[in-house]
Amino acid sequence: MNSRTPVTALSGVGKVKAEAYSRMGINNVGELLCHYPRGYEDRADVRLLSECEAGRKHSLVLVVATEPRVQMIRRGMSLLKFKAYDDSATCEVTFFNQNYLKSSIVCGGEYRFWGAVEQKGNKYFMSSPEIEPFSPDRELLPLVPIYPLTEGISRKQITKDITSALAGTTAEGDVRDILPDALRQKNKLCTLAFALRNIHFPSDFVSLAAARKRLIYDEFFTFATGLAIEGRKNRRRIAVPCPDTDISPLTARLPYTLTSAQIRACSEIAADMSKSNAMSRILVGDVGSGKTVCAAAAMYIAVKNGMQAALMAPTEILARQHFADISELFAPLGIRCELLCGSLTPAKKRKIYEALASEDKQKRIDVIIGTHALLSEGVEFYRAGLVVTDEQHRFGVSQRSLLKEKGEDTHMLVMSATPIPRTLALAVYGDLDVSKIDEMPPGRQKVDTYAVDESYRERLDAFIKKQVDGGGQVYVVCPSIDEEDEEVDIFFSDVDSEGNVKKDRPKLKAAVPYTEELKKRLPELRIEFMHGKLKSAEKDKVMLDFAAGKTDVLVSTTVIEVGVNVPNASLMIVENAERFGLSQLHQLRGRVGRGKRKSYCVLVSDSVGKGSTSSDRLKTMCNVYNGYEIAEKDLVMRGPGDFIRGADASHVRQSGGLRFKLAELCDDTGLLSRAFADAAELVSSSPELREYPELRAAIDEMFCFDTAQIN
Ligand code: ADP
Ligand code: MG
């Protein structure tokens, strides 16, 4: 068995299960082994009945005190009941419709239970806990993995399959190892076999930390090597020069004057585009700093010099918004703009394809704006001169595939709204030149920010009501989608690099149940929810309704981070604010204060006023409003994980872009910089990675490009 062995080779995995796995992107043993747990249940932390916290699952070792009895309750339904005890108390254990357990539970036997303990008066109850025979000489997993699942794949199934995959791939070379051993030793990392075993079934927190470190390094290193290769390639790209860079006809039409930062960015862009070396530039600026008009200027230059331009946005709503803004600006200048999205009819799409490739100047589209539909096969340009992507995510990876498919020899521009700390710029931007818009257009309001704890709930509800009554709209952001997400006992991010578990993890607010509760408390308001698991058409509808003012309150996960402009929104509430990075909070805050309404941001967290790091971080948000300053502070307090994290997982997946599996939660700055240094060294000594086929394959997968074309 090796990485490429299909999952059907595992016993008990047939066609149906294989299809379910395939929906999660798992087709072979290698992909299965890289399907890491999203957290663990801490079953080593065995509690006494009297020590259990209400509403939280715990591990208990109990002795069964009575013969299990089956009781029929209704037609076809039954309860299995018995009593069990520990040194502190006795508990009644009940299983619903699980009679088959009867034969395996022996009175007098000792078992490990996992579940929530309920206390009524001085009596204890457990309902349908998980149960495993306990004996001192039999090892039980101390940390039980919790996997992201899909319909048709149970937790039991995937745990069993990963166990057999691990058992079947013990020989060297069975699993793809991208890391040269010299680098592994130099960085004091564990072997891949150890890492895989312990990421799935850690023997303790220290082993888990070692496993994570190794696998995160692998991701950083693959990423860094890919960027280094791409950088070498980029420097040699050529494009058609655009010598006519006078943008005054365009700027004369704007209802405002450009800020000096915008002027600087535009002239940097113009200087690049006038050369036959292709531009590879990233335009970074806070939300609302006015990047779009700079991109429009670049597109204008391309068109003026007889070339076409494309702009790709991560979502259909964003593409539509860009199209509305940009076509309005371009139409009077005789520049033909079209929108290409997945939702267009095939006939309309065909028309656009034809007009894009047309030889006829009159028929031809000059500027095409769209989603990843721009990557479809039918899209061909007559003469592509410039490719722009907006907030795609932070590395312009889809950018690369767009370039690759639609013409390598074009100028390219990436727009990003995430300010990056100076020390990380090289790592994150790779070999792109950077234009920074570090100045806001005049007259922008400051979004007043407050950090509060749960005791403010009633006042907060009243504040929501007040905003809506005054004609405003409200966003609420929750860290998770539904209750199921709360099962996670220990997140990766809860374990530090020494293997210590950070305690004081508050219960996470989840968008779906939160919406229900809020509706009950504020029945007169129109409240909707949105999250990454909704289909993109559903998401668009919820978002458009909100933008159109048909909804008062939008409860959502961070999917709105890369969102649409709703100038009427005046209040942003972030629940469990301690869960988010400062830069992310800043990004979320940027969703309000976009119009004339006085706007507010309220960060809700139990850590407020507790004198902890979390509480200091939230205080920072209330006092600092500059994205770069926040980014620098975030780096110091939280490490680089946030910056190299892809945007919302679902949209990254939909656009086929890059996504780290573990590294997005990493808080080790040193590991990242070492990976970059190691990658630079490796690529300079072996530019084609000839001796490293495994690494090349991993890069191809991560970036969706083909290292066979390095030269
Ligand atoms: P972002 O950088 O977040 O993409 P946008 O390009 O969407 O920001 O600009 C945000 C808003 O600011 C838009 O409504 C735009 O018309 C306006 N804007 C851009 N530049 C200026 C400026 N120099 N003066 C005034 N308003 C501006
Ligand atoms: Mg924008």
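Counting starts at 1 for both ligands and their atoms, following the listed order.
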Side chain or backbone, does G290 bring an N or O within less than 3.5 Å of an N or O on ligand 1? yes

Could you tell me, atom by atom, which parts of ligand 1 come under 4.0 Å of a heavy atom of S289? 2 (O), 8 (O)

Which value, rounded to the nearest 0.5 Å, describes the distance between I630 atom CD1 and H586 atom NE2? 5.0 Å

Is a side-chain donor-acceptor pair under 3.5 Å present for S343 with E316? yes

Would you say ligand 1 has an N or O under 3.5 Å from any N or O of K291? yes

Run the salt bridge (Lys or Arg N to Asp or Glu O under 4.0 Å) test against K349 and tell me which residues pass, sequence neighbours left out. none

G285 to ligand 1, any heavy atom closer than 4.0 Å: no

Closer than 4.0 Å to some heavy atom of T292 - which atoms of ligand 1 meet that? 4 (O), 5 (P), 6 (O), 7 (O)

Identify whether NZ of Lys or CZ of Arg in R591 sits under 6.0 Å from the centre of the six-membered ring of Y475 and within 45° of that ring's axis. no

The salt bridge (Lys or Arg N to Asp or Glu O under 4.0 Å) partners of D246 (sequence neighbours excluded) come to none

Need the ligand 1 atom indices (1-based, order shown) with element for anything under 4.0 Å from a heavy-atom of R444. 11 (C), 12 (O), 17 (C)

Is ligand 1 under 4.0 Å from a heavy atom in the side chain of I437, in the backbone, in both, or in neither? neither

T259 neighbourhood, listing ligand 1 atoms whose heavy-atom distance to it stays under 4.0 Å: 23 (N)

Show me which atoms of ligand 1 lie under 4.0 Å from any heavy atom of T257. 22 (C), 23 (N), 24 (N)

Mode of M415 contact toward ligand 1 - side chain, backbone, both, neither (heavy atoms, under 4.0 Å): neither

To the nearest 0.5 Å, tell me how far L603 CG sits from M572 CE. 10.0 Å

Please indicate whether any nitrogen or oxygen in L258 is less than 3.5 Å from any nitrogen or oxygen in ligand 1. no

Decide whether a cation-pi geometry holds between K550 and F546; the criteria are a distance under 6.0 Å from NZ or CZ to the six-membered ring centre and an angle within 45° of the ring axis. no

Do Q473 and N568 have side-chain atoms, one donor and one acceptor, less than 3.5 Å apart? yes

Could you list the atoms of ligand 1 found under 4.0 angstrom from a heavy atom of D286? 2 (O)

